[in-house]
Trainee: 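After the structure tokens below, expect a handful of questions from me.
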Amino acid sequence: MINEEKSLNFLEEIIEEDIRKGKHGGRVLTRFPPEPNGYLHIGHAKSIVLNFGLAQKYNGKTNLRFDDTNPVTEETEYVDSIKNDIRWLGFQWTEELYTSDYFEILYGYAIKLIKKGLAYVDDSTPEEIAASKGTPTEPGKPTPYRDRSVEENLRLFEAMRDGKFPDGAKVLRAKIDLANPNMHLRDPLLYRIKHAHHHRTGDKWCIYPMYDFAHGQSDSIEQITHSVCTLEFVPHRPLYDWLIEQLEIFPSKQYEFARLNLNYTVMSKRKLLQLVNERHVEGWDDPRMPTISGLRRRGYTPASIRNFCERIGVAKRENIIDVGLLEFCIREDLNKTAWRRMAVLDPVKLVITNYPEGREEILSGENNPEVAGGEGERDIPFGRELWIEREDFMENPPKKFFRLAPGLMVRLKHAYIVKCDDVVKDATGSVIEIHCTYIPESKSGEDTSGLKVKGTIHWVSVAHAKTVEIRLYDRLFNVENPAAEEDFKASINPDSLQIIKSAYVEPDLLNADPGKGYQFIRKGYFTLDTKSPSDKLVFNRTVTLRDTWAKEMQKE
RNA sequence: UGCCCGAUAGUAUAAUGGUAGUACGACAGAUUUUGGUUCUGUUUGUCUAGGUUCGAAUCCUGGUCGGGCAACCA
């Protein structure tokens, strides 16, 4: 293929068409509108990459707007974490805005609607209002307050603002159509009374606008050109348009896409909050959580997440993405950037019987074989006794086992070829030592032995090994779609975290940089846990390496 | 059984009336001092029934299946 296919998603097509027609002078302004009532997760990342990406692609801008219209659930802690996560992902918003900054304007919009005879104060209880809306198959009926005069509505709404009524005593409703087949148009609530402290406006207000009377209006105030949200807001769109039309304000347009679902995890803030509150995980940033902060602590990079969000595409069809694609994206990134190190997670001792007692050598290994020059080398001490991985030895191996077994030879990475001669067992019959002889002329880089071995294994010198803690993570749930279960918590994977209290690593790892990814050769990608105690290092496994041998073994 | 949205390989996503393509996965092979990486190849798809058309994944109609909508949440 000579010229690159552009292959636009449906939003890019809409925007390009708008630009072609000169709509808004070709201006593109999107917004990312989180409610500060929880931490951002990978689903938000899709929306962030989409909104910021669209603006970048079309020379536009993106506002960050906190949708803070419900003081009961919203907190400043969440505002800070959200800003931090967006920056970490690599995006910078044009303006930091809050719906609560528009409360006065919104109040004015409500007055305008009342004056046009398009809104009324309703004294009904929540139950009465629900009943007044009817059901999807039956039209609603007006409540006794629907035909109050403009003057009375004005007076009552002002009294609501002035705190004359308790919570729930009255609401402001749009006067549209109680028989409309779209439930959202059956006189939707616009304002409710909540005598609650707001994280930004304090106690200034005791009435707060509902989502439908805040979101579209905020879009309009900011002159957002393309307001991109998820599918569940499709039925709200007629109301979004109706309010803008009646208010005669800037005509922002809403477009909807299908939210991200990942298998083997949950994505709703309510469920994630439950996992945190009920201590199924350590917190919002537990490395098993699909939150941005969890993925960060796990060792995912911003580039890998951005890349993932681009690969999954954007459409209007419900989807469940295989978490394997996320893993592919982080491996792809880390393979190119992670420095290689050796670590033994499940050690057994290997003794080189023909290597002089007390002798040691300093060998060297390139940091990154994926880059020309290897990004330098580090020293690796070698000696007569080594730790190797227990699974790299088998007494009675199957035919295609390319590791250590009596009579077989392997290459010790960056070192020598060794041949297994003997094993030492304890009283219970388990192997405690593997005795080998090494081939002196097979040293890495100056091998004149002429020997060819199929396998190469990693190792750490017993005399120089450093002890660290390693945490291995697995999927948090045992079923593909936990949200579809009766009780999603019943399918929590009890083995999602495995802690290895003492693993042996090469000494250079004591200099590991926080925030950097390391490949423990043949074992996976790891990163320093940001909450390691100062007296010991803890490494989190980001993801395993692809393991075709393990897959082969499973087939048998 | 009211209204709305959707349906293309296992999972996603293109093809905008003219050769059904791409990525991930799976499978096979080559290379490899990581059973990693890289490279090559193979496999699998238009929900269904009609209609319009020289020609339909695409347009029309009916059906089927999936999802959403009746919070003083967003």
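What you see is a predicted model, and the numbers here were worked out from it, not measured in a lab. Chain letters run A, B, ... following the sequence lines, proteins first, then strands; residues in each count from 1.
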Trainee: With distance as the sole criterion, is a donor-acceptor pair present between the side chains of A:Y416 and A:E361 under 3.5 Å?
Mentor: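 There is such a pair between these side chains.
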
Trainee: Applying the Watson-Crick and G-U wobble criteria at under 3.5 Å, what pairs with B:rG35? Answer none if nothing qualifies.
Mentor: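 Per the H-bond distance test, none.
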
Trainee: Can you tell me how far C1' of B:rA12 sits from CG of A:L326, to the nearest Å?
Mentor: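 Whole-Å distance recorded here is 13 Å.
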
Trainee: Going 5' to 3' through nucleotides 63-74 of chain B, assign each nucleotide B (protein heavy atom under 4.0 Å from a base atom), S (under 4.0 Å only from sugar-phosphate atoms) or - (no protein heavy atom that close).
Mentor: ----S-SBSBSB

Trainee: Generate the contact string for nucleotides 29-41 of chain B. Rules: B means base contact, S means sugar-phosphate contact only, - means no protein heavy atom under 4.0 Å.
Mentor: ----BBBBS----

Trainee: Are a donor atom and an acceptor atom from the side chains of A:T301 and A:D333 found within less than 3.5 Å of each other?
Mentor: yes

Trainee: Would you check if there is a donor-acceptor pair between the side chains of A:R340 and A:H414 at a distance under 3.5 Å?
Mentor: no

Trainee: Less than 3.5 Å apart, any donor N or O on the side chain of A:R341 or A:N367 sitting next to an acceptor on the other?
Mentor: yes

Trainee: Determine which nucleotide pairs with B:rC69, using a 3.5 Å limit on both distances of a Watson-Crick or G-U wobble pair.
Mentor: B:rG2

Trainee: Nearest whole Å is fine: how far is B:rC24 P from A:I330 CD1?
Mentor: 16 Å

Trainee: Distance only, no hydrogens: is a donor on one side chain within 3.5 Å (strictly under) of an acceptor on the other, for A:W339 and A:E375?
Mentor: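 A donor-acceptor contact under 3.5 Å links the two side chains.
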
Trainee: Rounded to whole angstrom, note down the P distance from B:rG35 over to B:rG10.
Mentor: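 That atom pair is separated by 33 Å.
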
Trainee: Indicate, with a heavy-atom threshold strictly under 4.0 Å, whether A:V314 touches base, sugar-phosphate, or nothing.
Mentor: sugar-phosphate

Trainee: Mind checking the P distance from B:rG41 to B:rA23? Whole angstroms is fine.
Mentor: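 So the two P atoms sit 11 Å from each other.
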
Trainee: Whole angstroms only, please: what is the CG-C1' distance between A:N9 and B:rG6?
Mentor: 17 Å

Trainee: Both distances under 3.5 Å, Watson-Crick or G-U wobble: report the partner of B:rA28, or none.
Mentor: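 Checking every strand shown, B:rA28 finds its partner in B:rU40, with both distances under 3.5 Å.
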
Trainee: Rounded to the nearest angstrom, tell me the gap between atom CD1 in A:I320 and atom P in B:rA7.
Mentor: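 From A:I320 CD1 to B:rA7 P: 16 Å.
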
Trainee: Could you check how far CZ of A:F257 sits from P of B:rA12, rounded to whole Å?
Mentor: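 Answer to the nearest Å: 16 Å.
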
Trainee: If pairing requires Watson-Crick or G-U wobble contacts with both distances under 3.5 Å, which nucleotide is the partner of B:rG63?
Mentor: B:rC47

Trainee: Write down the distance between CD (A:E480) and P (B:rG10), rounded to a whole number of angstrom.
Mentor: 14 Å

Trainee: Among A:R403, A:K523, A:R411, whose salt bridge (charged side-chain N to carboxylate O under 4.0 Å, His left out) with A:D392 holds?
Mentor: A:R403

Trainee: Could you let me know what B:rA74 is paired to, Watson-Crick or G-U wobble, both distances under 3.5 Å, or none if it's on its own?
Mentor: none

Trainee: Flag the pair A:Y518 / A:F526 as yes when their ring centroid distance falls below 6.0 Å, and as no otherwise.
Mentor: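 No, the ring of A:Y518 stays outside the 6.0 Å limit from the ring of A:F526, centre to centre.
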
Trainee: From CD of A:E552 over to C1' of B:rC27, roughly how many Å is that when rounded to an integer?
Mentor: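 Checked: the CD to C1' distance equals 12 Å.
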
Trainee: Taking B:rC3 as the reference, what is the distance to B:rG63 when you measure between their P atoms (whole Å, please)?
Mentor: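 Their P atoms lie roughly 11 Å apart.
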
Trainee: How far does the C1' atom of B:rU13 sit from the matching atom of B:rU8, given to the nearest Å?
Mentor: 9 Å

Trainee: Using both distances under 3.5 Å as the test, list the Watson-Crick or G-U wobble partner of B:rA14, or none.
Mentor: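 Result: none.
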
Trainee: Between B:rU22 and B:rU44, how far is it from one C1' atom to the other, in whole Å?
Mentor: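 The answer is 15 Å between these two C1' atoms.
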
Trainee: Establish, from distance only, whether the side-chain atoms of A:Y240 and A:D219 form a donor-acceptor pair under 3.5 Å.
Mentor: yes

Trainee: Walk me through whether A:K57 and A:E12 qualify under salt bridge (Lys or Arg N to Asp or Glu O under 4.0 Å).
Mentor: CA-CA 9 Å; A:K57 182 166 185 177; A:E12 292 168 329; 3.1 Å; yes

Trainee: Distance check, P atoms only: B:rA49 and B:rU64, in whole angstrom units.
Mentor: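 Straight-line distance between the two P atoms is 15 Å.
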
Trainee: Write down the distance separating the P atoms in B:rU61 and B:rC24, rounded off to the nearest Å.
Mentor: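 About 39 Å, rounded to a whole number of Å.
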
Trainee: Expressed in whole Å, how much space separates the C1' atoms belonging to B:rG17 and B:rA57?
Mentor: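 Their C1' atoms lie roughly 11 Å apart.
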
Trainee: May I ask which nucleotide in the shown strands pairs with B:rU53, Watson-Crick or G-U wobble, both distances under 3.5 Å?
Mentor: none

Trainee: A:R146 and salt bridge (charged side-chain N to carboxylate O under 4.0 Å, His left out): which single residue from A:D123, A:D187, A:D177, A:D122 fits?
Mentor: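 By the salt bridge (charged side-chain N to carboxylate O under 4.0 Å, His left out) criterion, A:R146 pairs with just one of A:D123, A:D187, A:D177, A:D122: A:D187.
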
Trainee: How many whole angstroms separate atom NZ of A:K316 from atom P of B:rC4?
Mentor: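 Answer to the nearest Å: 13 Å.
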
Trainee: Among A:Y39, A:Y78, A:F66, which residue meets the side chain to side chain contact (heavy atoms under 4.5 Å, CB included) test with A:P34?
Mentor: A:F66

Trainee: Both distances under 3.5 Å, Watson-Crick or G-U wobble: report the partner of B:rA20, or none.
Mentor: none

